[in-house]
Amino acid sequence: MARFHFRFLHFFVFLFYASYVSASRSSFESDFSIIDSDSEGLLLHRDYSPPAPPPPPPHAPSVSCTDDLGGVGSLDSTCQIVADLNLTRDVYIQGKGNFYILPGVRFHCPILGCSITVNISGNFSLGENSTVVTGTFQLAAYNASFFDGSAVNTTGWAGDPPPQTSGTPQGVEGAGGGHGGRGACCLVDDRKLPEDIWGGDAYSWSSLQEPCSYGSKGGTTSKEVDYGGGGGGWVKMEIKELLEVNGSLLADGGDGGTKGGGGSGGSIYIKSHKMTGSGRISACGGDGFGGGGGGRVSVNIFSRHDEPKIYVHGGTSRGCLENAGAAGTLYDAVPRSLTVNNNNLSTDTDTLLLEFPYQPLWTNVYIQNRARASVPLLWSRVQVQGQISLLSGGMLSFGLAHYASSEFELLAEELLMSDSIIEVYGALRMTVKIFLMWNSKMVIDGGEDTTVATSWLEASNLVVLKESSVVHSNANLGVHGQGLLNLSGPGDTIQAQRLVLSLFYSIHICRVEDITVEGLIKGSVVHFHWARTISVQSSGVISASGMGCVGGAGKGNFLDNGIGSGGGHGGRGGLACYNGSCVEGGISYGNSELPCELGSGSGTESSADSSAGGGVIVMGSMEHPLPSLSVEGAVRADGESFEETVWQQEYSVSNGSSIAPGGGSGGTVLLFLQKLTLGKSASLSSVGGYGSSKGGGGGGGGRIHFHWSDIPTGDVYQPIASVKGNIYARGGSGRDQSGGGENGTVTGKTCPKGLYGTFCAECPVGTYKNVSGSDSSLCRPCPASQLPRRAVYVYVRGGVAETPCPFECISDRYHMPHCFTALEELIYTFGGPWLFGLLLLGLLILLALVLSVARMKFVGVDELPGPAPTQHGSQRDHSFPFLESLNEVLETNRVEESQSHVHRMYFMGPNTFSEPWHLPHTPPEEIKEIVYEGAYNTFVDEINAIAAYQWWEGAIYTILSILAYPLALSWQQWRRRMRLQRLREFVRSEYDHACLRSCRSRALYEGLKVSATTDLMLAYVDFFLGGDEKRTDLPPRLLQRFPMAIIFGGDGSYMAPFSLQIDNVLTSLMSQLVAPTTWYRLVAGLNAQLRLVRRGRLRATFRPVLRWLETHANPALRIHGVRIDLAWFQATPGNYRQYGLLVCSVEDENEPLCLGNTNGGVKTETFSRVKITDMPNESGSPREDLPLTQGHRSSEGFARRKRSYRGLIDANSLQKLEEKRDIFYLLSFILHNTKPGCHQDLVGLVISMLLLGDFSLVLLTFLQLYSISLVEVFLVLFILPLGILLPFPAGINALFSHGPRRSAGLARFYALWNLTSLINVGVAFLCGYVHYHHQLSSSKTIPNLQPWNINMDESEWWIFPVGLVMCKLFQSQLINWHIANLEIQDRSLYSNDFELFWQS
């Protein structure tokens, strides 16, 4: 084996062989021929280039869409195949339209070699799960789509292969068929190599760019039965625009089972402008006893958006699993690349590569995944424009193993080999630019013929062998290059009988682009000049240690006893001391900014007892700096350490000297470079050596300098050094009494602004550097006064060169440039918290004044509440208008209704969803004589059914009560109104009045009338005579009705206070004894007192009503012989009680006819006569005395009435009154009906101010919460939904509404919205509390803010929520006054003076 020696003899030998080969080439060309008939072993009865197939016959006439194919439509428009179709002959389909095979349709021609041709001008589609089965499928269309699950399947349906081919194997060996690759044969012949045995041969090489051949049938293992699998068919597609392949295009060989060989793959040719989809394109060999060879696939796609799976591998051999069929060929026409891929199936069978085209040249050839390719022709030339790649077990062989006498040429840009093999039988002329091998082999077998020429491998740029790669030749081998030859690891070898290496720059380490050092480079001066990259691997060392001067400018000095000091260079050498006597070390010399000196030693050059300094290592230069230096190993220029050594020079030994020199100083490492990478295990050193163990001083450290060629700054800054290893320039240690050397210098080029240090790193965050230099002290801290609160300094690429230093807020919720929240930005825009508050207050006052003026303009002065004069002598009192329903009725109807009125029966229940209105089934005594009891019960059932609510109405009320309570009340009132309307319609028009005895009432529908109070909580049914009863005792007079109950409307709540709402019937009845003006005034005063009664505090709030009745009402009524008492009536099963008045008569002696007994019942005493003072009746005539005798009202009838009235309420029984308190009881302390207070205009103005202030605080609260998170904003906004925003529009609506009654009602709803919004305010308070304490627990150090600064991060987070609570509480009180002013326009109604009350 030849070794690598550069001598002139090798060069002359090479010239001799080259001239000999040139002279003998013509004789070899005449002696050998690939078609020599005598060379049976060479040809092995196989042909390699069959003649071209004859032109195809002309097409038959096109079939019809409907008649022949059973489709729908026309081929000139759109033809759809909607049902399965089995063809029995070739089909030619031509038209100008579209051709669609719908999903699930089978379009089959199950005949060997059957042809289906589709030639259309429009689009073609094969629907999901549809199949086309045939031997040949040719398609020409504008667009074509093959959907998921669809398949064009020609597997095993091939016709006859081209003539004069031997794709089908002979004999009964069960071999596979051949086409693009040879078929496998499992025959074992010890006389032949495995690659010399195959089944069917390859053919159609010349047409692989547009393949059109059928695959071949596999062989059989029986003479009687042909078990071989069929060959693959032919698929050809020429699509003008878009081809979408999500299905399968199959031309695989048929399966031969265990008794037959697999058929070879067929042909697939695809041409289109663009292709998408991730389907499957396959022309693989079929499995069998011997696997079939792969077929041929060619694609000519200009634009390929997806990568469909394309397979052309051979079939699996069941008879010999390690020898599958050979791979077929895949040709990509756009890049002109050829791929031979066997899908990692092991094989001994070849894919033949015959003549390569020259015009144009192919670009790339890929042989991969265990494919075996063979160039069998003698004197072949394989030439491509780009790359030849052998990957993943790929193998390429040139020539025939038994005839190693050919020459082959391989020309390419690159030859890449990874886990692959190239075998050459003969000689190889290889010309490439780059030759890379990774765990691969190139074996050149020149045979035993001495006439075979020398193989020549030329790589103009790069030759790299890695991972035990081998180039082996048993003949002569020349390796030529002009770049780098890199054998980078153990086992990487180039072997030959005679080996010539020439013209590799890396031998001289000069003008080389890339240098990799894995061994040792050592010298006194090591200079890498004009290189692109230098990489020192972990095993590599570049050393100049101990290669400097023994003397030098900084050499060490000696004591008289021979103990020397250390040499100096970057630092002074260490002192040499002995018994208190010392001598100075070597001096420091040289320029630290651009060092270039050798290190100094200690001793003399003539003495062996000396130490030398370090040498010089230079990489790059000023003119040609090194772009990149990567060090994983070591770069050393250390000083020499002196040790007692034994120098053996032949037979003489020298030791035991009395000289004890110091250590040598470190040398110089000068690096002109752009980028440095120092790995973890790397070291860059120029350290001083140790002194002699007898007491020498340590050497001084050397000098290391990084001269950066280009230091990027600003936005283009990139780190120029990555240093993870160690850089040393320390001094060496002294021995015994001697001192150690001083440290040397490690310097870098002066850094520009913003950068510092040896490696020009960015100044730390929070510092700036506005001058040039490398000292870290130049990076000064940024001025603290320029950093806003809640801001931190940020990293800036290239460092900070000027002030102010860039910063950012600590959170996204703060905004630049002052890192304020949105709220703070608003506040400080207007001068700070105090000025902002004053401006906001002034603006609120101004807007409130404008709002008040607009309200007066809009509502009108006449409609605004105010004191109204009393019209003495009038029939109507205006002191309390809307609480007196008589003011809304015509007085002309009073007499008519009262004359026929018999009885008023009240509904039981509060008319709620859980306890609706209902009437008792037992008719009262007063109407038993005018109704039929059975029909009455039916009437009551119908009335109760109508009054009852549906379940969904209550469900909606419950949901609204949770989400928005005011809306729930609105919903309840609307449903109540609907129920009342429905009851009225039923009684007025639907009910036939069958319960009445009067024929006239039944005919005219006039005997019954349903009404209700305005709050819709109390309803009643009035019974009237029809006029045909002929009863003198009906209707009863007022005294006959005593004691008479008048029930209050409302329930004592804020929205529905107790009130006595009278109508024309009741007023007409009372006018029989009491003057109308007196009755109006009494009702107004009583309602004024009743509106102060609160549910849940009845005992305390009914007491003023009882007192008022005794001091104001009964004294005025006594002169009319009437007394009224407070009582409760009709307790329901839900314990709901109705409260009202019990009206009785009194005798002249002021003795009442009805007295409250001890158990709450009613006592009645009969008397002979009640004398009533004269008063005008409705007609103006004086009244007669009204006798009340036993004939008119017996004691039994009076006793029966007594049972209807459950209990009177007086001072004694009031304490026993049961009170029901619910969850809303506490709210009654905030929202309750009060007496009028303040002037109405002033109250309205203050409410306007508070309303605007409330809305402003809400907006400020949202800004505050937005500074925390949008989640908090949504929580406050939607718990309860929009509750925090609705008080403002509700308040505006209430202030600008027309009429006192409507204004008062809307004001109550405004009060409810204002109160429910406290829940949203509570959520805001909770969010602020949680966030503030989370900030405290997270221990974020945020600078203190200015005093009175409003921010959620500080202790003032509670200001806005608390302000909102206070504002809403003040609003509640003012709304109470506002409603009282609207409802009580006569302040004298609350007068304690009896005379003043009745005179007003």
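Numbers for residues simply follow the sequence, beginning at 1.
What you find for Cys779 and Thr767 is that their closest heavy atoms are CB-OG1, 3.9 Å. When every heavy atom of Ser565 is checked against every heavy atom of Gly574, the shortest pair comes out as CB-O, 3.0 Å. The two residues Arg636 and Ile617 make their nearest non-hydrogen contact at O-CD1, 3.1 Å. In this structure, Leu755 and Cys751 approach most closely via the heavy-atom pair O-CB, 3.4 Å. Contact detail for Ile515 and Phe528: the closest heavy-atom pair is CD1-CD2, 3.7 Å. For the residue pair Val631 and Ala682, the shortest heavy atom distance occurs at O-CB, 3.1 Å.
Here CD1 of Ile534 is found 9.0 Å from CG of Leu671. Values are rounded to the nearest 0.5 Å. Atoms NE2 and CG, on His705 and Leu594 in that order, are 5.5 Å from each other to the nearest 0.5 Å. One distance of note links NZ of Lys680 with NZ of Lys724; it measures 6.0 Å at 0.5 Å rounding. Atoms CG and OG1, on Asn770 and Thr803 in that order, are 7.5 Å from each other to the nearest 0.5 Å. One distance of note links OG1 of Thr533 with CG of Leu626; it measures 7.5 Å at 0.5 Å rounding. Atom OG of Ser686 sits about 11.5 Å away from atom CG of Asn743, to the nearest 0.5 Å.
The closest side-chain heavy-atom distance from Val794 to Val765 is not below 4.5 Å. Looking at heavy atoms from C-beta onward, Ile720 lies out of side-chain contact with Gln674 at the 4.5 angstrom threshold. You'll find the side chain of Ser602 stays beyond 4.5 Å of the side chain of Phe642, heavy atoms only. Residues Ser524 and Val616 are not in side-chain contact: their nearest non-hydrogen atoms beyond the backbone lie 4.5 Å or more apart. When side chains are defined from C-beta on, Gln718 counts as touching Arg797, because their heavy atoms get closer than 4.5 Å. Between Leu629 and Met619 there is a side-chain heavy-atom pair separated by less than 4.5 Å. Contact of the Val471 side chain with the Met437 side chain is registered, since non-hydrogen atoms from C-beta on lie closer than 4.5 Å. Side-chain contact between Leu477 and Leu457: present, with at least one pair of heavy atoms (C-beta onward) separated by less than 4.5 Å.
Counting non-hydrogen atoms of other residues, nucleotides and ligands closer than 6.0 Å to CZ of Arg735 gives a total above 12. With a 6.0 Å radius and a threshold of 12 heavy atoms from other residues, nucleotides or ligands, Lys749 has its NZ atom above the threshold.
Not a single donor-acceptor pair under 3.5 Å links the side chain of Thr677 to the backbone N or O of Ser630. Listed for the Glu762 side chain is a donor-acceptor partner under 3.5 Å among the backbone atoms of Gly798. Remark: the backbone N or O of Ala612 is paired with a side-chain donor or acceptor of Glu640 at under 3.5 angstrom. Looking at Ser692, its side chain does come within 3.5 Å of a backbone N or O of Lys694 through a donor-acceptor pair. Using a distance-only test at 3.5 Å, with no hydrogens or angles considered, no donor-acceptor pair links the side chain of Thr758 to the main chain of Gly748. In this structure, Lys769 contributes its side chain and Pro752 its backbone to a donor-acceptor pair below 3.5 Å. Formation of a donor-acceptor pair under 3.5 Å by the Ser738 side chain with backbone atoms of Gly695 is found in this model. Side chain of Ser733 to backbone of Tyr690: no donor-acceptor contact under 3.5 angstrom is found. Although no hydrogens or angles enter the test, the distance criterion places no donor-acceptor pair under 3.5 Å between the side chain of Ser709 and the main chain of Pro625. A donor-acceptor pair under 3.5 Å is absent between the side-chain atoms of Ser641 and the main chain of Gly689, judged by distance alone.
The closest side-chain donor-acceptor pair between Ser777 and Asp775 falls under 3.5 angstrom. With no hydrogens or angles considered, a side-chain donor-acceptor pair links Asp638 and Ser685 at under 3.5 Å. Counting only N and O atoms by type, the side chains of Gln537 and Ser535 include a donor and acceptor under 3.5 Å apart.
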Audit row: Glu808, Val792, side chain to side chain contact (heavy atoms under 4.5 Å, CB included) steps and yes/no:
CA-CA 6 Å; Glu808 68 178 5; Val792 293; 4.3 Å; yes
Please assess Val800 against Glu802 for the test side chain to side chain contact (heavy atoms under 4.5 Å, CB included), listing each intermediate value before the final yes or no.
CA-CA 6 Å; Val800 180; Glu802 298 293 342; 5.9 Å; no
Candidate pair Asn579 and Ser581, rule side chain to side chain contact (heavy atoms under 4.5 Å, CB included), full reasoning:
CA-CA 6 Å; Asn579 290 335; Ser581 178; 5.8 Å; no
Test Ile434 against Leu415 for side chain to side chain contact (heavy atoms under 4.5 Å, CB included), laying out the working first.
CA-CA 6 Å; Ile434 297 176; Leu415 175 58; over 6 Å; no
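Qualifying ring pair (Phe, Tyr, Trp, His ring centres under 6.0 Å) partners for Phe672, counting only residues two or more places apart in sequence or in other chains: His707. With sequence neighbours excluded, the residues satisfying side chain to side chain contact (heavy atoms under 4.5 Å, CB included) with Ser420 are Leu390, Met417, Ser440. Shown here are the side chain to side chain contact (heavy atoms under 4.5 Å, CB included) partners of Val771, two or more places apart in sequence or in another chain: Leu778.
Among pairs with a residue in residues 726-750, none fulfils ring-ring contact (aromatic ring centres under 6.0 Å, His included), at least two apart in sequence or across chains. Among pairs with a residue in residues 560-599, those fulfilling ring-ring contact (aromatic ring centres under 6.0 Å, His included) read His569-Tyr589, at least two apart in sequence or across chains. The ring-ring contact (aromatic ring centres under 6.0 Å, His included) pairs that include a residue from residues 742-762 are Phe706-Phe759, where partners are two or more places apart or lie in different chains.
A salt bridge links Glu584 and Arg572; the closest N-O separation between the charged side-chain nitrogens and carboxylate oxygens is under 4.0 Å.
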